[in-house]
Novice: 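Can you read through this structure? Questions will come right after.
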Amino acid sequence: MQLHTYNNPKSHISEAYRILRTNIEFSNIDKNIKTILMTSAQQNEGKSTSISNLASTFANLENKKVLIIDCDLRNPSVHKMFGVSNISGLTDVLTGQKDIEKCIEKTKVKNLDILKAGKIPPNPSEILQSKKMRNFMEVIKEYYDYIFIDSPPVGIVADASILAQYADGTILLIAANEADIEATKIAKERLEGVNANILGAILNKFEADSKSYGYYNYYYGSTSEKKKQKRGLFRRK
Ligand SMILES: Nc1ncnc2c1ncn2[C@@H]1O[C@H](COP(=O)(O)OP(=O)(O)OP(=O)(O)O)[C@@H](O)[C@H]1O
Ligand SMILES: [Mg+2]
């Protein structure tokens, strides 16, 4: 897991994230897209990596304050992207054990804060659906220009469908060569079933020959990386 956009801002990977940011900014020009949920059908497709890099890119915009909330209360990992421990976070705030100010942390990326998941609860879906969570999301929106929500796979547990109600837009991440097409279709239907505003999809972990790709796909990877990667944002019809 790497924060390419911080470690290597001039790389093609970072450029791909900037293009993605621009696409998101322009995808709903009339709607104020402020809270963005990232999910995928299955595990391990690259949600936490992508949301951390994307949020960093938004934090690079002038005078924009950005927060990532790790709402994957089952397998939290945003803290790993930023090299910190998951001692306290969202669940501690929601259960009243810690103040929000004590749990939100600055990161090495200027203007980017994170709220880690905190202690793993026995009932994540219930917590995410609680009145406290709803109130929390209402309040926190006032303090940031953009809020990114990391979540578990929508095809496996209900959490991401619950979280979609707090988001102005949802991105469905699809890992090329790993994602199950049927599972991805079901994931999309699930999100539509809760009226999620699906902004688009990111094709992640895509390996291909640079020549065969069109405008929305960008080839990148460094010579030091064995695996070349590719991502693209597919816009909504
Ligand atoms: N574009 C990419 N190319 C190659 N490897 C990637 C890419 N994106 C993510 N990975 C790797 O895939 C693995 C899973 O990434 P990540 O933890 O971000 O996925 P996730 O969808 O959040 O997983 P989970 O469902 O467990 O939360 C990590 O080892 C990460 O480094
Ligand atoms: Mg994850």
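Since the structure is predicted, the reported quantities are computational estimates derived from the model, not experimental observations. Just so you know, ligand 1 is whichever comes first in the structure, and atom 1 is the first atom listed for that ligand.
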Novice: Mind checking whether S40 has an N or O less than 3.5 Å away from an N or O of ligand 1?
Specialist: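 The answer is no, given that S40 and ligand 1 share no N or O pair closer than 3.5 Å.
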Novice: Enumerate donor-acceptor pairs with a distance under 3.5 Å from any side-chain N or O in residues 154-166 to protein atoms, sequence neighbours excluded.
Specialist:
unit_1, atom_1, unit_2, atom_2, d
D159, OD1, R74, NH2, 2.9
D159, OD1, S125, OG, 2.7
D159, OD2, R74, NE, 2.8
D159, OD2, R74, NH2, 3.4
Q165, OE1, R134, NH2, 2.5
Q165, NE2, I162, O, 2.8
Y166, OH, L128, O, 2.6

Novice: Look at the N, O or S atoms of T49, main chain and side chain alike, and state whether any lies under 2.8 Å from the Mg ion (ligand 2).
Specialist: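 So T49 does not count as coordinating the Mg ion (ligand 2).
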Novice: Looking at T49, which atoms of ligand 1 are within less than 4.0 Å of one of its heavy atoms?
Specialist: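 Listed by number with element, the hits are 9 (C), 15 (O), 16 (P), 18 (O), 30 (C).
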Novice: Is the contact between D72 and ligand 1 made by the side chain, the backbone, both, or neither, using heavy atoms and a 4.0 Å cut-off?
Specialist: side chain
Novice: From the options A175, S48, G46, select the one whose nearest heavy atom is closest to atom 22 (O) of ligand 1.
Specialist: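 It is S48 that holds the nearest heavy atom.
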Novice: Within the distance-only criterion (no hydrogens, no angle test), does the side chain of T107 pair as donor or acceptor with the backbone N or O of L112 below 3.5 angstrom?
Specialist: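 At least one qualifying donor-acceptor pair exists.
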Novice: Taking both backbone and side-chain atoms of S151, is any N or O found less than 3.5 Å from an N or O belonging to ligand 1?
Specialist: no
Novice: Tell me which one of N53, D72, N75, D150 satisfies side chain to side chain donor-acceptor pair (under 3.5 Å) with S48.
Specialist: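 Filter result, single survivor: D150.
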Novice: Between D92 and K119, does at least one N-O distance fall below 4.0 Å, as a salt bridge requires?
Specialist: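 Yes, charged N to carboxylate O under 4.0 Å.
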Novice: With a cut-off of 6.0 Å (strictly less than), are more than 12 heavy atoms of other residues, nucleotides or ligands near CD1 of I87?
Specialist: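 Not more than 12 within 6.0 Å, no.
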Novice: Who's closest to atom 14 (C) of ligand 1 heavy-atom-wise, of N75, N44, I202?
Specialist: N44
Novice: If hydrogens are left out, which of M81, E178, R74, K47 has an atom nearest to atom 20 (P) of ligand 1, that is, the closest non-hydrogen atom?
Specialist: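 Considering heavy atoms of M81, E178, R74, K47, the nearest to atom 20 (P) of ligand 1 sits in K47.
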Novice: Should Q43 be counted as touching ligand 1, given the test is an N or O pair under 3.5 Å?
Specialist: no
Novice: Are the side chain of K132 and the backbone N or O of V93 linked by a donor-acceptor pair below 3.5 Å?
Specialist: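 Looks like no, no N/O pair under 3.5 Å.
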Novice: May I ask you to check whether Q42 has an N/O atom sitting below 3.5 Å from an N/O atom of ligand 1?
Specialist: no
Novice: Look at E192 together with K188 and state whether they make a salt bridge at an N to O cut-off of under 4.0 Å.
Specialist: yes
